[in-house]
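This report concerns only the one structure given below.
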Amino acid sequence: MDVWCAIRTYPKHAVELGNPIPQEPVFFLKSRSTIVPFGQIDTCGGDVHHEIELVLKIGENLEITDMAIGLDLTKRSVQDNLKEQKLPWAQAKSFRGAAVLGDWVPFDARAEYSLAVNGNEMQFGSLKEMSWTPNELLEKLAEWAPLQSGDILFTGTPAGVGPLTPNDVVTASLYIDKQLVLSHRAQCV
Ligand code: ZN
């Protein structure tokens, strides 16, 4: 099982990090052993940024079967340093505990999701605001990637990313048609 991740799929988030808005989706990989459940987030001394994302599970015919909300945790200062040197990002994106993954529910294109830190909403995502639909993302990835059944795809984060500090309480929520479907909490250490 591989963990694929798309970046800059939300134009507003690309702009907030000073990145260009790509014409084609861009992907990277996290190690599968980075996956941890919600519950506790290691903030690595405050260098970790939250990125809430809709995560898709890929089925036998390389179709989207299920969805979950996840956190593509990012060591932002490490990433900035590596980007500056034009080096790969693994240390910033694939460290221990870097992929927080919630429960799976059947995929629904009406999905929206939010992330709150200490009760304050910091990020809100809607598939309608993404540059590509989930199916378009998957099709673009499948053009060159050795996708397999059971692989998962983080679909990129909306605007509002920011640092987490010890004792923060993170709440990630998933909505379909404005109805709360599930909510996960994590305590930062
Ligand atoms: Zn991300």
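For ligands, and for the atoms within them, numbers begin at 1 and follow the listed sequence.
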Kindly list each side-chain donor-acceptor pair under 3.5 angstrom involving residues 125-138, sequence neighbours excluded, with atom names and distances?
unit_1, atom_1, unit_2, atom_2, d
S126, OG, E112, OE2, 3.3
S126, OG, K128, N, 3.3
S131, OG, T9, O, 3.2
T133, OG1, E136, N, 3.0
E136, OE1, T133, N, 2.9

Donor-acceptor pairs under 3.5 angstrom involving side-chain atoms of residues 179-189: please list them, not counting sequence neighbours.
unit_1, atom_1, unit_2, atom_2, d
S183, OG, S173, OG, 3.2
H184, NE2, D103, N, 3.1
Q187, NE2, N167, O, 3.3

Validation: residues 61-70 side-chain donor-acceptor distances under 3.5 Å, sequence neighbours left out:
unit_1, atom_1, unit_2, atom_2, d
E63, OE1, N61, N, 2.9
T65, OG1, K57, O, 3.3

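Minimum interatomic distance between P158 and Q123 (heavy atoms only, all atoms of both residues): O-NE2, 2.8 Å.
Of all protein N/O/S atoms, those under 2.8 Å from the Zn ion (ligand 1) are E51 OE1, E53 OE2, D72 OD2, and waters are not counted.
D72 and K30 are joined by a salt bridge, as a carboxylate oxygen and a charged side-chain nitrogen come within less than 4.0 angstrom of each other. With respect to the salt-bridge test (charged N to carboxylate O, under 4.0 angstrom), the residues D47 and K75 do not qualify.
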